[in-house]
Number of protein chains: 2
Amino acid sequence: MNTKLPPRTVERLSKYRRLLDKYKDLEGAHIYSHKLAGLLNLTPEQVRRDLMLIGITGNHRRGYNIKELIGMIGNTIDRHEGQQVALVGIGNLGRAVLGFIRKAETRMNIVAAFDIDRSKINTHIGNVPCFHLHDARQVVRDKSIRIAILTVPPEVAVATTAMLLQSGIRGILNFTSVHLDVPPGIYLKDYDIITSLEEIGFFIQE
Amino acid sequence: MNTKLPPRTVERLSKYRRLLDKYKDLEGAHIYSHKLAGLLNLTPEQVRRDLMLIGITGNHRRGYNIKELIGMIGNTIDRHEGQQVALVGIGNLGRAVLGFIRKAETRMNIVAAFDIDRSKINTHIGNVPCFHLHDARQVVRDKSIRIAILTVPPEVAVATTAMLLQSGIRGILNFTSVHLDVPPGIYLKDYDIITSLEEIGFFIQE
DNA sequence: CATCAATTGTTATTTTTTTCACATTGTCAG
DNA sequence: CTGACAATGTGAAAAAAATAACAATTGATG
Ligand SMILES: NC(=O)c1ccc[n+]([C@@H]2O[C@H](COP(=O)([O-])OP(=O)(O)OC[C@H]3O[C@@H](n4cnc5c(N)ncnc54)[C@H](O)[C@@H]3O)[C@@H](O)[C@H]2O)c1
Ligand SMILES: NC(=O)c1ccc[n+]([C@@H]2O[C@H](COP(=O)([O-])OP(=O)(O)OC[C@H]3O[C@@H](n4cnc5c(N)ncnc54)[C@H](O)[C@@H]3O)[C@@H](O)[C@H]2O)c1
């Protein structure tokens, strides 16, 4: 639908869907904005506005149809099906993330892993094949990968990112606490534990 | 100093400091707002405003004194020294995070780990002692722990959080993709990989 | 010692996001 | 069939954050 949504709205839509997925089998079930809001500590107005933005229209008496809601959020976030994701750097963190995502119910499919450690190349982690980073261009094209999760050592984060961007990656989830400079059009999201802890530390000062 | 800073500003301050720490030995060195901005893909105005908010005043010709900058950010974010942090749930992710933070240079000190797996209790992970979650109240008090990193299985996330809050924890970094409902005064930060990937996925649609 | 170029400090403006307020509407009880 | 209730849908207002604009300051230079 409309591709101009606020990032916060997109995040919340993702959470709505994940929460509602649990109820997806209840045919014809509805939910009120205030109920949904309560479950995620939001305001009903915010929920209604988010849903309005993606063109969902509820029933004035029964609320929003859960099935329709899940469907419409899917149309918006995932366009059709999910997207292909690569995991880059299969160390302690990389394996933990991989295990987590494989268990999670999501349209994000991890279809390849990259590393440079020869002992890992051509093996499978879970059921995900592991390739040498040098083959990224080829693999990324073949498997239509558009997103990378970056869990390589900090020293190589910048170089690895350059390589990934050359390969056609469009979005990066960066776990490496290293600042990455990406060109416009590339969507970067940073998970910086140190900064997050310091932020928490600041706001819990009395 | 002033405790009413925007969250985004606090995050950026943390990043400024981490970046500048590399230059801390250059006695008398200065840096311009546009230089600092360039290094982190921000605007110079934003940098200047952030620094203004914590009462840093630069030199109109030489820019900001790096040492003073690091010091003032420390005064603001860490008050005096750092803070004590506990890691809760020493699984794959927990160990990866622990290893990472121990290597990182930060005032956030991981001083305890909690789990319920008997084989882990009373051992040390790195040099961090591991306790049973039941002893959280005691340990949290004794070690003045105020922040917890939550890496337990999703099924127990809510119960574990309740336990931690009872023990006196004031801030939580939540890795469990489970929505936590915390009372006012508790600072919660969520790392939700699924939502982040879906957000990235949305914004790289052409 | 006056000029000039560059940078800061801060006010004003714009943009983004959230909250408020309330008219509108679908459904159900009577 | 007909209110009346309890929702939704959305314009308007407010709050938060980012950006722009520019006067004030500095110190190097001729
Ligand atoms: N920001 C966070 O929240 C957070 C938390 C934990 C770890 N980390 C970071 O995540 C990264 C990984 O941490 P880890 O504990 O898994 O480290 P690790 O050393 O266990 O794993 C790193 C992996 O990357 C591989 N690798 C090395 N160079 C590579 C390259 N050029 N291309 C592809 N793969 C390469 C290694 O072979 C290894 O498998 C580090 O940068 C660490 O700082 C970040
Ligand atoms: N959101 C993310 O980005 C992300 C990424 C990876 C994993 N995860 C989540 O992190 C959590 C941990 O993942 P993992 O791969 O390390 O799992 P894991 O099973 O390897 O580790 C879980 C650990 O928690 C311990 N534990 C179990 N119950 C506990 C309790 N009540 N109190 C304290 N400790 C307890 C277990 O003994 C184990 O050591 C999971 O919730 C997972 O979904 C989140």
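Numbered from 1 within each chain, the chains take letters A, B, ... in sequence-line order. Not measured: the values here are computed from a predicted model.
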Atom [atom1] of [X] to atom [atom2] of [N]: distance rounded to whole Å?
X	N	atom1	atom2	value
B:Met72	C:dG9	CE	P	11 Å
B:His30	C:dA6	NE2	C1'	15 Å
A:Lys4	C:dT17	NZ	C1'	17 Å
A:Gln46	D:dA16	CD	P	14 Å
A:His60	C:dC28	NE2	C1'	16 Å
A:Ile56	D:dA7	CD1	P	19 Å
A:Tyr32	D:dA6	OH	P	10 Å
A:Leu51	C:dT18	CG	C1'	15 Å

Looking at [X] and [Y], would you say the former's side chain and the latter's main chain have a donor-acceptor pair under 3.5 Å?
X	Y	result
B:Arg146	B:Gln83	no
A:Tyr16	A:Glu11	no
A:Ser167	A:Ile169	no

State whether the number of non-hydrogen atoms from other residues, nucleotides or ligands found under 6.0 Å of B:Lys67 atom NZ is greater than 12.
no
Look at the side-chain N and O atoms of [X] and state whether any lies under 4.0 Å from the OP1 or OP2 oxygen of [N].
X	N	value
A:Tyr64	C:dG26	no
B:Asn59	C:dT8	no
A:Arg12	C:dT18	yes
A:Thr57	D:dG9	yes
B:Arg48	C:dG9	no

By the 4.0 Å heavy-atom rule, please label A:Glu45 as base, sugar-phosphate, or nothing.
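If one applies the 4.0 Å heavy-atom cut-off, A:Glu45 turns out to touch a base.
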For A:Thr9, answer base if it contacts any base atom (sugar-phosphate contacts may also be present), sugar-phosphate if it contacts only those atoms, and nothing otherwise; contact means non-hydrogen atoms under 4.0 Å.
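Here A:Thr9 touches no strand at all.
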Whether the A:Thr9 and A:Arg49 side chains hold a donor-acceptor pair (N or O, under 3.5 Å, no angle test) is what I'd like checked.
no
hbond_proxy B:Arg62 side chain to C:dA6 base (donor-acceptor, 3.5 Å cutoff):
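There is none.
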Within the modelled atom types, does a donor on one side and an acceptor on the other bring the side chain of A:Arg61 and the base of C:dC28 under 3.5 Å apart?
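In this structure, the two groups form no donor-acceptor pair.
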Side chains of B:Val158 and B:Leu180 in contact at under 4.5 Å (non-hydrogen atoms):
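Yes - at least one pair of side-chain heavy atoms lies under 4.5 Å apart.
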Are B:Ile193 and A:Phe100 close enough that some pair of their side-chain heavy atoms sits under 4.5 Å apart?
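A side-chain contact under 4.5 Å exists here.
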Salt bridge or not for A:Glu198 and B:Arg17, using N-O below 4.0 Å?
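Between B:Arg17 and A:Glu198 there is a salt bridge, with a charged N closer than 4.0 Å to a carboxylate O.
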5'-most contact on DNA chain D (nearest-nucleotide basis), A:Arg49 vs A:Gly63, goes to A:Gly63
Which nucleotide in the set D:dT10, C:dT19, C:dG9 lies at the smallest distance from any side-chain heavy atom of A:Met52?
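Of the candidates, D:dT10 comes closest.
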Check DNA chain D against residues 184-199 of chain B and give the residues with a non-hydrogen atom under 4.0 Å, in numerical order.
none
